[in-house]
Amino acid sequence: MKTKVYFFLMLALSLAMIHCKRNTGNNAQKKMAVVISTLNNPWFVVLGESAAERARELGYEATIFDSQNNTSKEAEHFENLIAAGYDAILFNPTDSEGSVSNVKRAQQAGLPTFCMDREINALNVATSQITSDNFTGCVELGEYFVRTLNKKGKYVELLGLVGDNNTWNRSKGFHSVVDQFPALEMVAQQSADFDRSKAMEVLESVLQSNPDIDAVFCGNDAMAMGAYQALVAAGKADSVHVFGFDGAKDVMDAIKDGKITATAMQSPKAMARTAAELAHAYFEGERQFTQKTPLQVKVVTQQNIDRFGAYGSDN
Amino acid sequence: MNKVFKYGLMTILVALALYNAVRIKPLNEVKKKQDTQLFDAKAYAADFMANKIESLPALQVDSFLEHLGNNPTAYAQEHGKKLGISDAYHFIIEGKGSVSAIEEEYIVLGLGDGSSVAIATDFIFGNAIRDGSGMAHIDDHQNTMDFNSISVELNNQVRETIVPLLRDKATMGSTLYFKGAVTIAIDQPNPSEIKIIPLRIQIINEP
């Protein structure tokens with residue numbers, strides 16, 4: 001009788017220990033994939049690392065994948081991470097249209113996807129999308145642009161990737177303001193793919209036919225730095241205003257030094273952390289998510305730069 | 001005879017299957033249908049401005065200014081509207097005032113208690129109308145640009161229909177009723193710099 005009681009006690013204890021181990025190890029067993037459009041741009045590196053860091057803080061395994069601005073590469077990542085048994089994807093899409101099929105594939109495999117920074121053109125495919133309010137940021141930047149140029153002058157616009165909604169949300173926000181002032185003339189509008197070197201090349205070429213510009217509006221900070229380099233090489237850095245978008249560290253430093261006129265601060269850290277926290281909420285049982293959550297973007301100038309740190313961190 | 005019947009029946013069945021499997025439509029008809037499915041932000045904004053402004057609930061301007069001066073964060077959270085994660089809150093307000101200054105970008109109204117507000121006549125931009133009124137929701141739009149176009153078109157409507165009337169009728173000393181949209185940055189609220197985008201203007205008294 002005594003042996004029987006002892007046996008059942010041991011059995012109950014063992015079962016309890018197994019149950020405890022399962023509970024404490026629940027999050028550690030789950031894996032989050034952080035798929036980033038490109039790690040060639042420091043802004044996206046911050047986005048990816050912040051997402052992975054927050055996921056690890058919450059007790060998950062996190063791995064970063066680089067899509068190298070290529071939707072085929074991105075599709076490969078999705079196939080691999082579905083096969084590898086990942087549990088959620090924190091996703092920065094390469095293309096608002098081209099990335100939809102990848103997110104659909106993940107949805108069919110039962111994986112929740114949380115888009116960061118860039119949206120996909122589909123509702124109810126991603127679990128939730130956390131994006132910068134690019135349009136409104138560029139409306140405010142456009143107002144500052146108009147006032148800086150006293151409502152007149154010639155300017156160049158450098159666009160980002162043409163397949164990315166952010167490119168057009170920024171451009172349309174900017175033009176919704178600037179086009180109301182007929183004395184502001186856009187002499188060239190060209191894509192430089194959000195790339196610093198390409199922006200430098202494009203602006204060097206534009207300056208040959210339009211040497212008398214007053215400003216350059218760039219769809220991101222990497223292109224603003226490239227444009228500034230082109231202006232330095234042409235001896236026009238002091239007379240031409242450069243406007244960027246992102247709040248990257250080198251541009252924030254350049255604004256302090258008076259080299260770049262303004263940028264719009266979006267916070268990759270806040271977006272990434274929010275995405276990881278939403279994925280965590282999903283694992284905790286939450287299923288009601290807003291489809292899109294825009295994050296405010298603020299204009300940074302020499303007058304207010306002391307209130308901001310790079311990449312949206314607090315000063 | 002049996003064979004003829006068998007093959008005839010099979011032919012009819014195959015023809016029926018093919019007929020139901022394939023639909024041929026003129027390309028221009030399909031394109032026309034797709035165009036009508038595109039979101040028409042201009043029409044949406046025009047309908048709102050023509051039919052919804054009068055009944056749009058609004059806060060009284062004097063109470064709005066008083067509360068904003070006391071506890072702006074609590075007031076904004078209770079009465080304002082915002083989009084996503086943001087410090088910018090939007091409101092619809094209304095009131096009466098007399099024109100005390102006509103400037104390049106504003107018409108300033110004295111409210112009778114020593115305070116004043118500026119009605120914008122230039123730089124009509126942003127989302128104050130769309131988000132303050134709550135007339136549109138971002139989750140209803142597959143492409144966020146459609147949602148943003150609503151603000152552009154609402155602001156165009158104000159620029160084209162309300163501002164010319166205001167510029168034309170508002171003279172120094174005249175009293176007018178206004179209903180408008182306003183945005184407050186709650187991290188740095190400054191009631192003295194409030195700029196109201198006009199939605200409805202009525203001249204009550206001329207000097």
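The chains referred to below are lettered A, B, ... by the order of the sequence lines, with proteins before strands, and numbering in each begins at 1. All values below were derived from every heavy atom in this structure, side-chain atoms included, with hydrogens, water molecules and symmetry-related copies excluded.
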For [X], is it the side chain, the backbone, both or neither that has a heavy atom under 4.5 Å from a heavy atom of chain B?
X	value
A:N169	both
A:I130	neither
A:V177	both
A:T274	side chain
A:Q180	side chain
A:V146	side chain
A:D133	side chain

What verdict does the side chain to side chain contact (heavy atoms under 4.5 Å, CB included) test give for B:D139 and A:Q129, after you've listed the backbone C-alpha separation in whole Å, the side-chain angles of each residue and the deciding distance to 0.1 Å? CA-CA 10 Å; B:D139 279 358; A:Q129 308 197 55; over 6 Å; no
Side-chain (A:K292) to main-chain (B:H141) donor-acceptor, under 3.5 angstrom: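 Yes, because the side chain of A:K292 sits within donor-acceptor range (under 3.5 Å) of the backbone of B:H141.
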Do [X] and [Y] have side chains that approach each other closer than 4.5 Å (heavy atoms only, starting at C-beta)?
X	Y	answer
A:R147	B:F123	yes
B:Q142	A:N124	no
B:M145	A:N121	no
A:K172	B:N148	no

As an exercise, state the distance from [atom1] of [X] to [atom2] of [Y], rounded to the nearest 0.5 Å.
X	Y	atom1	atom2	answer
A:Q296	B:K82	CD	NZ	8.5 Å
A:T293	B:L83	OG1	CG	9.0 Å
B:N143	A:E97	CG	CD	8.0 Å

So which residue, A:T131, A:L295, A:V139, ends up with the most heavy-atom pairs under 4.5 Å with chain B?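 Answer, by heavy-atom pair count under 4.5 Å with chain B: A:L295.
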Between A:G173, A:A122, A:G142, who has the most heavy-atom pairs with chain B when the cutoff is under 4.5 Å?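 The residue among A:G173, A:A122, A:G142 with the greatest pair count is A:A122.
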Surrounding [atom1] of [X] (heavy atoms of other residues, nucleotides or ligands, distance under 6.0 Å), is the total greater than 12?
X	atom1	answer
A:K151	NZ	yes
B:E103	CD	yes
B:K195	NZ	yes

Name the option with the most non-hydrogen atom pairs under 4.5 Å to chain A; the candidates are B:T144, B:V152, B:I138, B:N127.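 Going by pairs under 4.5 Å, I would pick B:T144.
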If you check every heavy atom in residues 172-184 of chain B against those of chain A, which residues fall under 4.5 Å?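 Counting heavy atoms that sit under 4.5 Å from chain A, no residue of residues 172-184 of chain B is involved.
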Given that the side chain runs from C-beta out, which part of B:N155 has a heavy atom under 4.5 Å from chain A: side chain, backbone, both or neither?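 Nothing of B:N155, per the 4.5 Å heavy-atom cut-off to chain A.
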